[in-house]
Novice: 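First the structure, which I've put down as structure tokens, then a few questions once you've had a look.
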Amino acid sequence: MSKETTNKQEMPEQLSDILLVLDKEKMKIQAVKSMDENGKMETVEPTKKNQNQFMRVDKSGDFFSNFFSNFFSQLKNPTNLSFFKVSADEALNKAQEMQKQVDNPTPEGEKVMKEHEVKTENQLDKKQVNQNNMETAQTTPETSEYRYKPEQIDWDTMNNLGLSKEYLEKRNLLEPLLKGYKTNELIPVSVNFGTAILRTDVRLSLQATEDGRVVPALNGIRKEPNLNFEFFGYKFTNEDKKNLLETGNMGRVVDLKNSKTGELMPSIISVDRLTNELVALRTDFIKVPDEIKGVKLDDTQKQTLIEGKPLKLEGMISTKGTEFSATVQFNADKRYVEFLFDRSNSNKQTQSNGQNNQQSNQQNQPQEAPKTFRGKELTDEQNKDFKNGQTIYIDGLTDKKGQPYQGYITFNKENGKTNFEFPNQYKERIKPTEAHKTQTDVNSEGKTNEPTKNIKEPLKSGQKNPDSKQQQEEQEKPEAPAKSKGRKM
């Protein structure tokens with residue numbers, strides 16, 4: 001197996017390219033933010049405050065070429081625009097340099113502009129644009145969503161792991177992999193070393209090698225997060241360890257060192273809760289929503305989340321319309337704001353999202369009695385008594401071996417559970433309802449009920465009188481005269 005497929009610490013989000021644009025009419029350098037469905041491009045000022053809004057494009061030459069061809073072809077008015085590609089870490093400085101060149105041209109500045117300019121005339125002849133549009137239309141309306149293409153994947157290595165294209169498609173795992181994400185579930189893989197076979201569960205992702213291949217990255221399960229060694233040059237404090245073990249998030253921004261370039265990268269750190277692996281995310285990749293469950297965030301609250309800190313929000317509204325409060329925090333592994341409910345409150349459970357909070361709220365409400373028990377639907381009369389906490393008789397149940405059985409059930413409103421008792425268990429301590437008393441007396445106690453005394457078969461649930469023509473005939477049949485017990489003379 002190639003060394004690229006071995007499990008290793010994952011670098012924080014790779015450096016990507018930023019697209020700068022010069023509007024020749026306004027003579028203003030801006031950073032591209034997005035483009036809407038009508039081909040209108042959105043831009044923002046290239047400032048540190050707006051850095052989280054910059055559109056990021058994979059820095060690989062082939063990936064960028066394909067993306068930019070499609071992007072440029074969809075622009076509504078591209079003729080007055082010039083584009084420049086710069087790396088994410090130098091975007092702000094390059095934007096300032098270029099704006100100075102626009103305002104006061106110099107030979108040195110012109111050289112910088114040409115160095116980073118995207119040469120549209122060499123890449124976007126009409127025929128190529130049309131071909132790119134046809135190729136991408138069948139995969140996604142926004143090509144930039146995808147980091148990889150299926151044909152770029154090293155399928156030989158994938159197949160050796162037992163991960164065929166058909167298998168990934170069947171489990172709906174291929175698309176998130178192509179978008180650059182890890183699988184949101186563990187996947188069984190098998191690695192044959194020739195003299196030994198390793199079978200384990202992993203979270204799978206894809207990564208590009210220096211020679212352009214796209215290979216699998218296996219994120220294996222660890223017993224616990226490795227917090228006793230440096231993580232990209234950073235040594236965890238006791239408080240860091242406590243936060244990571246309790247909430248899964250470290251709760252602050254730290255500088256991690258790029259082992260190849262030596263660059264310091266402000267990042268947040270979280271624990272992958274499926275594998276216990278540490279995951280880092282650069283702060284300039286953190287995107288915080290404007291609103292969470294009906295609560296609009298102000299600039300201070302957004303900054304708190306960007307810094308990786310927990311934030312208490314009150315007055316949020318669940319999907320069922322219930323108001324609730326919770327602590328939220330940005331998770332580096334999930335790449336979104338998650339809910340951290342108070343573990344010390346017995347009425348709430350630790351949850352990972354707002355929907356699970358609904359389940360916690362429901363546990364605090366009175367539980368409703370079910371209308372069925374072990375697949376047997378209750379009658380209206382049974383359901384009425386059952387909801388009121390009365391003990392009812394139920395038959396027609398079937399055990400795992402297919403054998404019929406019956407018994408008595410009682411609903412506990414406090415814990416929402418149904419208690420079941422076999423007839424011999426309830427006999428001495430559970431009094432059945434009046435509707436089933438006759439059945440209990442006749443079938444279980446051996447007593448006689450006058451309207452049914454001649455019926456040979458057991459009484460049914462709630463039965464007090466003959467319920468069929470045959471039983472009526474049995475009941476009306478005259479009794480045979482008793483035999484004389486006198487002595488023979």
Novice: Counting distance only, does the side-chain N/O of Gln301 pair as donor-acceptor with the main-chain N or O of Asp298 below 3.5 Å?
Specialist: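 A pair under 3.5 Å: yes.
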Novice: Could you report the tightest heavy-atom contact between Leu278 and Pro225, atom names first, then the distance?
Specialist: CD2-CB, 4.2 Å
Novice: Looking at Lys182 and Asp272, is there a salt bridge between them, counting it only when a charged N and a carboxylate O are closer than 4.0 Å?
Specialist: yes
Novice: What are the two closest non-hydrogen atoms of Ser164 and Asn159, and how far apart are they?
Specialist: CA-OD1, 3.3 Å
Novice: Between the main-chain N or O of Gln30 and the side-chain N or O of Glu45, is there a donor-acceptor pair closer than 3.5 Å?
Specialist: no
Novice: Tell me, with the steps shown, if Phe236 and Tyr234 meet ring pair (Phe, Tyr, Trp, His ring centres under 6.0 Å).
Specialist: CA-CA 6 Å; Phe236 295 105; Tyr234 177 75; 5.6 Å; yes
Novice: Rounded to the nearest 0.5 Å, what separation is found between the CG atom of Asn219 and the CG atom of Asp201?
Specialist: 12.5 Å
Novice: Return yes if some donor-acceptor pair links the side-chain N/O of Asn50 with the main-chain N/O of Pro46 below 3.5 Å, else return no.
Specialist: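 The answer is no, because no donor-acceptor pair under 3.5 Å joins these two groups.
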Novice: Which atom names give the shortest non-hydrogen contact between Val288 and Ile306, and what distance separates them?
Specialist: CG2-CG1, 3.7 Å
Novice: I'd like to check Thr106 versus Gln101 (side-chain heavy atoms, cut-off strictly below 4.5 Å). Are they in contact?
Specialist: yes
Novice: Do Lys28 and Asp23 meet the salt-bridge criterion of a basic N to acidic O distance under 4.0 Å?
Specialist: no
Novice: Counting C-beta onward and ignoring hydrogens, is there a side-chain heavy-atom pair between Tyr336 and Asn331 closer than 4.5 Å?
Specialist: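 They are not in side-chain contact.
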Novice: Indicate yes or no: does Glu263 engage Arg282 in a salt bridge with an N to O separation below 4.0 Å.
Specialist: yes
Novice: For Gln390 and Thr410, indicate whether the former's side chain and the latter's backbone hold a donor-acceptor pair under 3.5 Å.
Specialist: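 Not at all, since once roles are kept as given, no pair shorter than 3.5 Å links the two residues.
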Novice: Salt bridge or not for Glu338 and Lys334, using N-O below 4.0 Å?
Specialist: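 Yes, charged N to carboxylate O under 4.0 Å.
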Novice: Looking at Leu297 and Pro289, what are the two nearest heavy atoms and their distance?
Specialist: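 For Leu297 and Pro289, the tightest heavy-atom pair comes out as CD1-O, 3.3 Å.
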Novice: If you look at every heavy atom in Gly162 and Tyr167, which pair is closest and at what distance?
Specialist: O-CD2, 4.3 Å
Novice: Compare all side-chain heavy atoms of Gln51 with those of Leu92 and state whether any distance is below 4.5 angstrom.
Specialist: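 Answer yes - side chains close enough.
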Novice: Checking side-chain contact (heavy atoms from CB on, under 4.5 Å) between Ser270 and each of Thr247, Asn249, Leu281, which is the one that passes?
Specialist: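 When Thr247, Asn249, Leu281 are each tested with Ser270, the side-chain contact (heavy atoms from CB on, under 4.5 Å) holds only for Asn249.
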Novice: Should we say atom CG of Asp299 is surrounded by more than 12 heavy atoms from elsewhere, each under 6.0 Å from it?
Specialist: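 No, not enclosed.
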Novice: CZ of Arg213 to CG of Asp156: how many Å apart, nearest 0.5 Å?
Specialist: 10.0 Å
Novice: Does any non-hydrogen side-chain atom of Asp17 lie less than 4.5 Å from one of Val86?
Specialist: no
Novice: Less than 4.5 Å apart, side chain to side chain, heavy atoms only: is that true for Ile197 and Val191?
Specialist: no
Novice: Start with the C-alpha gap between Met41 and Thr43, add the side-chain angles, then the distance that decides, and say whether side chain to side chain contact (heavy atoms under 4.5 Å, CB included) holds.
Specialist: CA-CA 7 Å; Met41 182 177 61; Thr43 61; 4.0 Å; yes
Novice: Report yes or no: does Trp155 contribute a side-chain atom to a donor-acceptor pair with the main-chain N or O of Pro150 at less than 3.5 Å?
Specialist: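 Confirmed, Trp155 side chain pairs with Pro150 backbone.
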Novice: One pair to check against side chain to side chain contact (heavy atoms under 4.5 Å, CB included): Gln99 and Val102. What are the steps and the verdict?
Specialist: CA-CA 5 Å; Gln99 187 61 55; Val102 172; 4.1 Å; yes
Novice: Check the pair Leu174, Lys165 against side chain to side chain contact (heavy atoms under 4.5 Å, CB included), reporting the backbone distance first and the verdict last.
Specialist: CA-CA 7 Å; Leu174 183 57; Lys165 182 180 179 182; 4.1 Å; yes
Novice: Angle between ring planes, Phe373 versus Phe420, binned at 30° and 60°: parallel, tilted or perpendicular?
Specialist: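 Ring orientation, 0 to 90° scale: parallel.
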Novice: Just checking Lys235: does its NZ atom have more than 12 heavy atoms from other residues, nucleotides or ligands closer to it than 6.0 angstrom?
Specialist: no
Novice: Could you tell me if Glu307 and Gln303 have a donor-acceptor pair between their side chains, going purely by distance under 3.5 Å?
Specialist: yes
Novice: With the side chain counted from C-beta on, respond yes when Leu186 and Val202 share a heavy-atom pair under 4.5 Å apart, and no when they do not.
Specialist: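 No. Closest side-chain heavy atoms not under 4.5 Å.
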Novice: Can a salt bridge be assigned to the pair Arg252 and Asp240 using a cut-off of 4.0 Å between side-chain N and carboxylate O?
Specialist: yes
Novice: Given the rule in the side chain to side chain contact (heavy atoms under 4.5 Å, CB included) test, do Gln53 and Lys33 qualify, once you have shown the distances and angles that lead to the verdict?
Specialist: CA-CA 6 Å; Gln53 302 182 56; Lys33 178 181 177 181; 3.1 Å; yes
Novice: For the CD atom on Glu239, are there more than 12 heavy atoms of other groups (residues, nucleotides or ligands in this structure) within a distance under 6.0 Å?
Specialist: no
Novice: Atom CG in Leu227, atom NZ in Lys242: separation rounded to 0.5 Å?
Specialist: 13.5 Å
Novice: Give me the atom names and distance for the closest heavy-atom approach of Ser325 to Gly315.
Specialist: OG-N, 3.7 Å
Novice: Keeping the roles fixed (side chain from Glu97, backbone from Lys94), state whether a donor-acceptor pair exists under 3.5 Å.
Specialist: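 Not confirmed, Glu97 side chain does not pair with Lys94 backbone.
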Novice: Would you find a donor on one side and an acceptor on the other, under 3.5 Å apart, between the side chain of Thr183 and the backbone of Leu204?
Specialist: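 Checked: pair present.
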Novice: Heavy-atom count check: over 12 atoms from other residues, nucleotides or ligands less than 6.0 Å from Lys241 NZ?
Specialist: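 Yes.
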Novice: For Lys302, I'd like to know if atom NZ has over 12 heavy atoms of other residues, nucleotides or ligands within 6.0 Å.
Specialist: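 Check passes, neighbour count above 12.
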Novice: Look up atom CD1 in Ile187 and atom CG in Leu274, then write down how far apart they are to the nearest 0.5 Å.
Specialist: 10.5 Å
Novice: Answer yes or no: is there an ion pair linking Arg203 with Glu185, defined by an N-O contact shorter than 4.0 Å?
Specialist: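 Result for this pair is no, no salt bridge flagged.
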Novice: Nearest 0.5 Å, what's the NZ-CG distance between Lys384 and Leu378?
Specialist: 14.5 Å
Novice: Between Lys85 and Glu115 (salt bridge meaning N to carboxylate O under 4.0 Å), is one present in this structure?
Specialist: no
Novice: Any side-chain heavy-atom pair from Phe285 and Ile268 closer than 4.5 angstrom?
Specialist: no
Novice: Are the side chains of Val328 and Leu340 in contact, using a 4.5 Å heavy-atom criterion?
Specialist: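 Result no, sub-4.5 Å side-chain heavy-atom pair not found.
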Novice: To the nearest 0.5 Å, tell me how far Ser267 OG sits from Leu256 CG.
Specialist: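 Between atom OG of Ser267 and atom CG of Leu256 there are 4.0 Å.
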